[in-house]
There are 2 protein chains.
Amino acid sequence: MANLQDVARLANVSKTTVSRYLNGSLDLPKRTADAIDTAIEELNYVPNAQARRLSLGRSETIALMVPDISTPFFSTFVASVEAEADRRNLSLSLHATLNRREREISYLDHIRQGRADGLIFITNHAGDATLSEKINTAGPCVVVDEDVAATHVPKLFCDNDAGGYLAGRHLALNGHRHLLFVGGVDEMISGERRHKGFLRGLREVADTDLRVERISGPYTVEAGREAARKFISRSDDRPTAIFATSDELLIGLYEVLGETGMSVPRDVSVVGFDDVSPLHLFAPAVTAVRQPVRELGKRALELLLDFKPDADSTLPHEELLPVTLIERDSVAPPIRNA
Amino acid sequence: MANLQDVARLANVSKTTVSRYLNGSLDLPKRTADAIDTAIEELNYVPNAQARRLSLGRSETIALMVPDISTPFFSTFVASVEAEADRRNLSLSLHATLNRREREISYLDHIRQGRADGLIFITNHAGDATLSEKINTAGPCVVVDEDVAATHVPKLFCDNDAGGYLAGRHLALNGHRHLLFVGGVDEMISGERRHKGFLRGLREVADTDLRVERISGPYTVEAGREAARKFISRSDDRPTAIFATSDELLIGLYEVLGETGMSVPRDVSVVGFDDVSPLHLFAPAVTAVRQPVRELGKRALELLLDFKPDADSTLPHEELLPVTLIERDSVAPPIRNA
DNA sequence: AGCGCAAAGTAAACCGGTTCAGTAAATCGG
DNA sequence: CCGATTTACTGAACCGGTTTACTTTGCGCT
């Protein structure tokens, strides 16, 4: 493989000249420029990215850390970050943590190691002191989708509270007073906010007679199944509507509901959250709160690269992206007989 | 940031010693080793990956090029490659080509640039001479899922022919004789193989009276919609079964079938391909040929890193992974009235 | 006492770029 | 025709590791 030196020799100039010419920091008369171009052509020269990066002190790479890549929400998110990174001529280094803390912590070192210039970080467990300490000292980093307590980095979330509110209001307007909220382990701020918004939405419509139950758990298909089983095992006084706060929870819920012959929305109304999976094709099509996932990815990279913190602000920058309710066929008024 | 030199100074040894100690190419007496460990601890030293890579002449990174990251098939594939890469302590550099040839070609340079040690490449258009030339000279590379003609690199596909066969046989056994095959643009080998296998499966069961139509197109939701519209616009003598050869095609098909009130499988039977999306929740649950996507990703990286070509073999190595038919509710015998 | 060998390191070249601080020659103004 | 400026370039240091080939010291053995 030819290197800068080889090109310089063939073009009868110095390394410096070729380097500066290629980087545009030197104007050359046409003859010299041509000689260099010819030499590059002839030797089939391609600059070595590793050398360039070492010299420049940056990797031209940003790292993306997500719990899992294969779920629609995260894969769509990754896709939108990649698109924006590509637009800026940055490479994307992708890492799945599978929610394992030691991975999260070790990947955070990638910035210090010079493997990445910055990091976009999504985690599903948000309370760890070691983790937040590490995030605060790792280097350029933004936290997305789920908060990590005690971190002083820019943050970007969907408006979880508004999402909960929309779902709650919609179900209350449809006459539901006894509801089941599924999702969110205690430490996850997204779950808390969705829950709070949900209650607010319900109360705005129906201030009395409300009964809201909750099954907490991770945003997984299996947790959805489990919640559904628990729901079904109760023979009487069941809630008339369920708010499943992620696509995965909803999928698990639908699976079990379907298997056991429960009919949506006749026997129970359902509202989902995320709306990245093809919920419009499910039976019945699912009414859900839609997250602006693509917007989230694009904005995350913008925040990472362009954001300059206010000197006077002591609080970390936090940004909320709006959500919308997509009405489909999984919500109906409850049957009055109980 | 502390570097090797700083550590060496503090531990009263030379750079060489520290480097060799850290890389295990030097056994040191406990006192010296401790001194180095202490210095590293004290200075909070982390080796610089860029420098290491330049020196080593490899990037410890492999590049993954797919048409799109957000579809379930590719995102699952990416996830499985990432898992295997992580197991081997390699970084993964992710690139979406959006099927644009100039991107595919420019990303292939990443190997020569030293940005990646090898490349896993999936494309959806397979006939280009510039592209195959570039692939042949780019460096370590494997071609996955869809063939690129005239390339001499290891190749890994699902058994598309067997997949077509399973679908054809299943539909024929259910009594279908007039069928519609949807998918595959001309240059795509996967489509051809699925089609060929489809015919073989049909003929094995029913040698006469077979009528097989075909609508070609890319593996997209929109192409699925379009095929469905075309299908529906024919008022009589419609095929009684449709083989939609990707999840996306199937989704588009189901959307339009649903909107226009066609009932599956009463009015038309449907078999899908991929089975990565939650087809079991669709209405009705979709019978489909399942691709072993995770296996595909894992094996792709193995091939890239471990495969040593036979010196005597002139043909490129080609590997086929088995597929299975998942029977659900979208296939029934045709109604006999036409 | 002296040879041989193992133990414990090390100096310096190298990977392939970028960049600071110049230099030599050509051109220009007066 | 001389000094000043501009043009066209360059030597060498630097980024931070890895590695080859080599030195020094100390010990056991005869």
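Reminder, nothing fancy here: chain letters follow the sequence lines and each chain counts from 1. As a basis for the values below, the full set of heavy atoms in this structure was taken, side chains included, without hydrogen atoms, waters or symmetry mates.
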Margin query: Let's see if you get this right: which residues in residues 49-61 of chain B place a heavy atom under 4.0 Å from DNA chain C?
Written below: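 Heavy-atom contacts with DNA chain C come from B:L54, B:S55.
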Notebook entry, point to check: For DNA chain C, what residues of residues 13-38 of chain A have any heavy atom nearer than 4.0 Å?
Noted result: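 Under 4.0 Å from DNA chain C: A:K15, A:T16, A:S19, A:R20, A:N23.
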Checklist line | Heavy atoms of other groups near A:E41 CD, more than 12 under 6.0 Å | finding: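 Counting other residues, nucleotides and ligands, CD of A:E41 stays at 12 neighbours or fewer.
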Listed by chain and number, what are the salt bridge (Lys or Arg N to Asp or Glu O under 4.0 Å) partners of [X], not counting sequence neighbours?
{"X": "A:R20", "answer": "none"}
{"X": "B:D306", "answer": "B:R88"}
{"X": "B:K15", "answer": "none"}
{"X": "A:D68", "answer": "none"}

Notebook entry, point to check: Using rotation axes that map the C1' atoms of four end pairs onto the next four (five pairs an end), what angle separates the end axes of the helix from C:dA1-D:dT30 to C:dG30-D:dC1, to 10°?
Noted result: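 The angle separating the two end axes equals 50°.
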Check: Looking at residues at least two apart in the chain, or sitting in another chain, which of them share a side chain to side chain contact (heavy atoms under 4.5 Å, CB included) with A:L320?
Finding: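 Here the qualifying residues are A:F157, A:D159, A:R193, A:E318.
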Check: Under the side chain to side chain contact (heavy atoms under 4.5 Å, CB included) test, which residues partner A:N12, sequence neighbours left out?
Finding: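 Counting only residues at least two positions away or on another chain, A:N12 forms no side chain to side chain contact (heavy atoms under 4.5 Å, CB included).
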Between [X] (side chain) and [Y] (backbone), is there a donor-acceptor pair under 3.5 Å?
{"X": "B:E82", "Y": "A:A96", "value": "yes"}
{"X": "A:D34", "Y": "A:R31", "value": "no"}
{"X": "B:T76", "Y": "B:P72", "value": "yes"}

Item checked: Closest-nucleotide ordering on DNA chain C, the 5'-leading residue of A:A2 and B:N12 ->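 Here B:N12 is the residue nearer the 5' end.
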Margin query: In this structure, how many angstroms lie between the P atom of D:dC14 and the CG atom of B:L4, rounded?
Written below: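 Distance, rounded to whole Å: 17 Å.
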Check: With a 4.0 Å cut-off, would you call B:R115 and B:D109 a salt bridge?
Finding: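 So B:R115 does not pair with B:D109 through a salt bridge.
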Next item on the list: Please list, chain by chain and in numerical order, all residues satisfying ring pair (Phe, Tyr, Trp, His ring centres under 6.0 Å) with B:Y107, sequence neighbours excluded.
Entry: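 Checked B:Y107 against ring pair (Phe, Tyr, Trp, His ring centres under 6.0 Å); matches are B:H95, B:H110.
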Check: Does anything in residues 32-89 of chain A pair up under ring-ring contact (aromatic ring centres under 6.0 Å, His included), and if so which pairs, sequence neighbours excluded?
Finding: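 Sorted result for residues 32-89 of chain A: empty, none.
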Check: If you walk 5' to 3' along DNA chain C, what is the first nucleotide with an atom under 4.0 Å of a heavy atom in chain B, and what is the last?
Finding: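 The protein-touched segment is C:dA8 to C:dG16.
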